[in-house]
J.: 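Take this structure first; my questions come after.
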Amino acid sequence: MPKTLEGQITMEKTPSYFVTSKAPARISAMSRDTKLIVVVRDPVTRAISDYTQTLSKKPDIPSFESLTFKNRTTGLIDTSWSAIQIGIYAKHLDNWLQYFQMDQILFVSGERLISDPAGELGRVQDFLGLKRIITDKHFYFNQTKGFPCLKKAEGSSKPHCLGKTKGRTHPNIDPEVVQRLRDFYRPFNMKFYQMTGQFFGWDD
C-alpha cells in the first residue's frame, strides 16, 4: 500500500477480500485500524448475476438450475458452488470479526446504492470521517442501464456511468429454484441482519 500522509485516506478495492479466508488476518497484520467497506446485495440476485457474468465468457456452461443443486430431487443446495457460497454473508462476517470490531466495518446496500446513491455514499463519507460533499446533485439515473451515473465537477468531462459489463440482462430462472434459494438463504440473512444491526429487506 502507498504511504498515507496526514489528512489523506488510501483506499483499495478487491471484491474477493470479503470471502477469502486468509484476508482478515493479513489485513489486520498490515493495520489493525483499517476501516472496511463491504457492498452487499440480495444473495439470490447476486448468484444469478454471478452466473450471468460467467455465462457471457463461457456460453457452454451448464444451466443455473443444474449448478444450484447437489441433488435437485431432494432440493439439496450445492454450497460448494462459489456463486452460492459468496452470498452466505454471515459466515464470511464471522471470519472478519475474529480480527476486526464491528464498528470498523460498514455494510453498504447494493440495492440502495442504485435507488439512493447519495444516501448510501453519505453513510460512507460519515464512516470515513469525511465532510459530506457528494449529494443528490452529483447523480442522474440512466434509464437505459438502470443505474445512476456520477456527474463530474462542473465544466469537466462527461458523466461516469457503469461499463458494459454492468446491467446485463439476467437469464430467466425457474421460479421454483429461485424460491428454493430464498428459503436456503433466509436463516443466513436473518443472522446477518442481527450481526450488522441492519435490515436489508432481501426476504420481503
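Note that the numbering runs from 1 along the sequence shown for the chain.
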J.: Please confirm whether the backbone N or O of Leu121 pairs with a side-chain atom of Gln125, one donor and one acceptor, at under 3.5 Å?
T.: yes

J.: Answer yes or no: is there a donor N or O on one side and an acceptor on the other, between the side chain of His138 and the main chain of Thr135, under 3.5 Å?
T.: yes

J.: Going by side chain to side chain donor-acceptor pair (under 3.5 Å), name the residues that satisfy it together with Glu12, two or more places apart in sequence or in a different chain.
T.: Thr14, Tyr17

J.: What I want to find out is whether Asp183 reaches Arg180 closely enough, with some N-O distance under 4.0 Å, to be called a salt bridge.
T.: no

J.: Quick one: salt bridge (Lys or Arg N to Asp or Glu O under 4.0 Å) partners of Arg41, sequence neighbours excluded?
T.: none

J.: Going by the rule side chain to side chain contact (heavy atoms under 4.5 Å, CB included), which residues pair with Ser21 if we only count those two or more places apart in sequence or in a different chain?
T.: Asn95

J.: Looking at every non-hydrogen atom in both residues, tell me the closest pair between Arg123 and Leu106 and how far apart they are.
T.: NH2-CD1, 3.2 Å

J.: Please confirm whether the backbone N or O of Leu36 pairs with a side-chain atom of Gln104, one donor and one acceptor, at under 3.5 Å?
T.: no

J.: Taking side chain to side chain donor-acceptor pair (under 3.5 Å) as the definition, give me every residue that meets it alongside Asp136, ordered by chain and number, with sequence neighbours left out.
T.: none

J.: What are the two closest non-hydrogen atoms of Gly201 and Tyr193, and how far apart are they?
T.: N-OH, 3.5 Å

J.: Which atoms form the tightest heavy-atom contact between Arg182 and Thr45, and what is the distance?
T.: NH2-OG1, 4.3 Å

J.: Can you find a heavy atom in the side chain of Lys35 that is under 4.5 Å from one in the side chain of Ile9?
T.: no

J.: Name all residues meeting the side chain to side chain donor-acceptor pair (under 3.5 Å) criterion together with Thr20; count only those two or more places apart in sequence or in a different chain, and write none if there are none.
T.: none

J.: Which residue pairs satisfy the ring-ring contact (aromatic ring centres under 6.0 Å, His included) criterion with at least one member in residues 110-131, sequence neighbours excluded?
T.: none

J.: Sequence neighbours excluded, which residues qualify as side chain to side chain contact (heavy atoms under 4.5 Å, CB included) partners of Gln8?
T.: Thr4, Leu5

J.: For the residue pair Ala90 and Lys191, what are the closest heavy atoms and their distance?
T.: CB-CD, 3.9 Å

J.: State, to 0.1 Å, how close Phe139 and Pro148 come at their nearest heavy-atom pair, and which atoms those are.
T.: CD2-CB, 4.2 Å

J.: Show me the side-chain donor-acceptor pairs of residues 112-119 shorter than 3.5 Å, one per line, residues at least two apart or across chains.
T.:
unit_1, atom_1, unit_2, atom_2, d
Arg112, NE, Glu120, OE2, 3.3
Ser115, OG, Glu111, O, 3.4
Asp116, OD1, Gly119, N, 3.1

J.: Grab the two heavy atoms, one from Met190 and one from Asp203, that are nearest each other, plus how far apart they are.
T.: CE-OD2, 3.8 Å

J.: Let's go through Trp96 and Val38 carefully: what are the C-alpha distance in whole Å and the side-chain angles of both, what is the deciding distance for side-chain contact (heavy atoms from CB on, under 4.5 Å) to 0.1 Å, and is it a yes or a no?
T.: CA-CA 11 Å; Trp96 284 88; Val38 187; over 6 Å; no

J.: Taking the hydrophobic residues Ile, Leu, Val, Met, Phe, Trp and Tyr, and joining any pair whose side-chain heavy atoms are under 4.5 Å apart, which ones share a cluster with Ile77?
T.: Val44, Ile48, Tyr51, Leu55, Ile61, Phe64, Leu67, Phe69, Trp81, Ile84, Ile88, Ile173, Val177, Val178, Leu181, Phe184, Tyr185, Phe188

J.: Please indicate whether Asn71 has more than 12 foreign heavy atoms, meaning atoms of other residues, nucleotides or ligands, lying under 6.0 Å from its CG.
T.: yes

J.: Among residues at least two apart in sequence or on other chains, which ones pass side chain to side chain contact (heavy atoms under 4.5 Å, CB included) with Met102?
T.: Leu93, Leu97, Phe107, Met195, Thr196

J.: Going by heavy atoms in the side chains, are Val19 and Gln85 under 4.5 Å from each other?
T.: no

J.: My understanding is that only residues two or more places apart in sequence, or in another chain, count here; which of them pass salt bridge (Lys or Arg N to Asp or Glu O under 4.0 Å) with Asp78?
T.: none

J.: Rounded to the nearest 0.5 Å, how far apart are CE of Met11 and CG of Leu128?
T.: 5.5 Å

J.: For Arg72, which residues count as a side chain to side chain donor-acceptor pair (under 3.5 Å) partner, sequence neighbours excluded?
T.: Asp174

J.: Classify the angle between the aromatic ring planes of Trp202 and Phe200 as parallel (below 30°), tilted (30 to 60°) or perpendicular (above 60°).
T.: parallel

